[in-house]
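See below for the structure under consideration.
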Amino acid sequence: MVLSEQEQIRRESLTKLRELGIEPFPAAQVKVTHLSSDVHAEFKEGAEVEMAGRIMSKRIMGKASFAELMDAGGRLQLYFNRDEICPTEDKTLYNEVFKKLLDFGDFISVKGKQFTTQVGEQSIAVKEFKIISKALRPLPVVKTDADGKVHDAFTDPEGRYRMRYVDLLVNDKVKEIFIKRSKVFASMRTFFGEQGYMEVETPILQPIPGGAAARPFITHHNALDMEQYMRIACELYLKKLIVGGFDGVFEFAKTFRNEGLDRTHNPEFTMMEIYVTYKDYNWMMDFTEAMLKRVCKDVLNGFEVKAGDKTIDFSKPFKRVSMTAAIKEHTGFDIKGKSEEELAAWCKANGIGVDASMGRGKLIDEIFGEKCEPHYIQPTFITDYPIEMSPLCKVHRDDPTLTERFELMVNGKELANAYSELNDPIDQRNRFEQQAKLADRGDDEAMFIDQDFLRALEYGMPPTSGMGIGIDRLVMLLTGQSSIQEVLLFPQMRPEKVEKKVELNELETQVMELLKKENPVEMNLIKERSGFSNKQWDKTIKSLRNHSLVHVSKVGDEVMVDLV
RNA sequence: GAUUCGGUAGCUCAGCUGGUAGAGCAUAACACUUUUAAUGUUAGGGUCCUGGGUUCGAGCCCCAGCCGGAUCACCA
């Protein structure tokens, strides 16, 4: 492994510390009485504190120094005075350990007193300090000036996503996103808990990937010698629990779909699904609205969210528009009673691409997606979807071509999806069979028939409404992020290149063979013997030097090559 | 998958028509007892993403590839 200059120096510091009898990775637990946030919140001049954290900067001014300590509560300034740290004649702890061997990124524990500096900054006057863990790699140095402007920020997206630990350390705002994400979960859990609904876990490895239309990841179970699928939804399992007698169940479900990656898609993402008995989709609209208002209050302590140049307001009642009305409003076209042919003709006339495989439902969905969806910036429930699009949803009570389904649109995108759940087992079987026909026609996303789910329905499922919400998208919205990678701690990335092998390539091997015969040798001579082009020679000899296999030196006018 | 932009020091980024690789911060050394993007002086640090090619000569031009970003397409 080739170490950079700074890494080598840090390893040397490690050795020097041990030579001084200081273990840089001590085992004992560390007493912490205050976080930096505690000190800032309830500052008390002269009060004793014991703290621990990472050194994020040092400003040395001879016999006194300032350093910045970062802990879970934020950052706090430390003041080190040589004669306070080293009351005796031996000043090693300050002069060597603090000034030289303590690096940016190291963890220390400190004992000291709160005080205010001349410039008025709340600080800790350190009496004792101890190195409790050493950082062998230098962190990116990010500085914030007096105006709060950040300099030399660690911004490279690839580096930030691959090394989120570094990103979190040096980019303070990144941490806030994930704190909010965590609060979203907490808020929803509390809200559901208050209604008496129960959190459950259902299988991630499934014999049949049901509940949605998506391409699954396939894996293999050795002991059972069978294919297993990573779940694409948890819908069917949750409904089986409703059959089993629970009144309300929900799951925060890591879900997997074997599809492309982009700004809004990651192969693994998080959905929350909830099912409540004796309710319909009208109730679920009220519930979803209340839930989101609660989440906004808990997470943002407010109801407004910025998305680009738009402001989304969650405080007002969410509008409810049927899909038919939405299309009529934005296109003037009334889809009610129109045949597949009429719809297709309208699409062609209005610049929407159609193909022969599209049925009535798909055509309507296209029209909505193209012409209407982007208009719904403020939270809006779009209701009553065509039946072909919703094989798990109950038929609309007033119109057999529609279903009792809604999607919640925010910022022109779908945020949540809900049904009055289909609980008629015979209807459900027919719908699955329709899907199977689609699959036969080559639709690789049509749903599988889950016989066990049908059996469960045959035992009887009460009227139930269910809702699913994409947590990642919700967090994006609440934190103003336009990329899903910014709200996932470890977004999917292609693997990094493995470190270059030390093996020699063909050209390098040839040169090594020549050198073994005659050593040392004049460079031009061996270059001639090799028969390499200038460039080949240059690359080869440089590479060998980098591997410390040969040594090149100038003796008088001759350049000599020497095996090391 | 397509288009496009990018990959140079630990970090952020420059780089001339193709002619010895640069800055700031970081690092090292010295000075400095209330600084805060601390300061002053000095020094070291490079696989210019990889592999080919053109050329007397490539960080720069050409070809192929790898990784990433953005946009588009696909995707309940």
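Chain letters run A, B, ... following the sequence lines, proteins first and then strands; every chain starts at 1. Quick note: numbers below take in every heavy atom, side chains included, and nothing from hydrogens, waters or symmetry partners. This structure is a prediction, so every number in the text was calculated from the model and none was measured.
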May I ask you to check whether A:Phe80 and A:Phe129 place their ring centres under 6.0 Å from each other? yes

message = Say we look at B:rA9 and B:rA14: how far apart would their C1' atoms be, to the nearest angstrom?
response = 13 Å

TODO: Determine the Euclidean distance between corresponding P atoms of B:rG24 and B:rG65; express it in Å to zero decimal places.
DONE: 40 Å

**Prompt:** Does the B:rU35 base have a donor-acceptor partner in the side chain of A:Gln77 within less than 3.5 Å?
**Reply:** yes

- [ ] Sticking with atom P, work out how far B:rA21 lies from B:rG46, rounded to a whole angstrom.
- [x] 13 Å

When A:Leu261 and A:Thr155 are each assigned the nearest nucleotide of RNA chain B, the 5'-most assignment goes to A:Thr155

**Message:** Tell me if the centroids of the rings in A:Phe115 and A:Tyr79 come within less than 6.0 Å of each other.
**Reply:** yes

A:Lys239 bridged to A:Glu235 by N-O distance under 4.0 Å: yes

If you go through the side-chain atoms of A:Glu121, does one of them form a donor-acceptor pair with the base of B:rU36 closer than 3.5 Å? yes

For A:Arg137, is there an ion pair with A:Glu7 - N to carboxylate O distance below 4.0 angstrom? yes

Please list, for nucleotides 40-43 of chain B, all pairs of protein and nucleotide N/O atoms separated by less than 3.5 Å.
none

B:rA73 to B:rU27 separation - C1' atoms, rounded to the nearest Å
48 Å

On RNA chain B, more 5' by nearest nucleotide between A:Glu407 and A:Arg494 is A:Arg494

Closest of B:rC74, B:rG69, B:rU33 to the A:Asp262 side chain is B:rC74

The nucleotide from B:rC32, B:rU34, B:rU12 with an atom nearest the side chain of A:Lys63 is B:rC32

Residue pairs passing the salt bridge (Lys or Arg N to Asp or Glu O under 4.0 Å) test with at least one member in residues 114-127 of chain A, sequence neighbours excluded, are A:Glu84-A:Lys127

B:rC32 and B:rU41: how far apart are their C1' atoms, nearest whole angstrom?
12 Å

Legend entry - Residues A:Thr92 and A:Asp90: side-chain donor-acceptor under 3.5 angstrom: yes

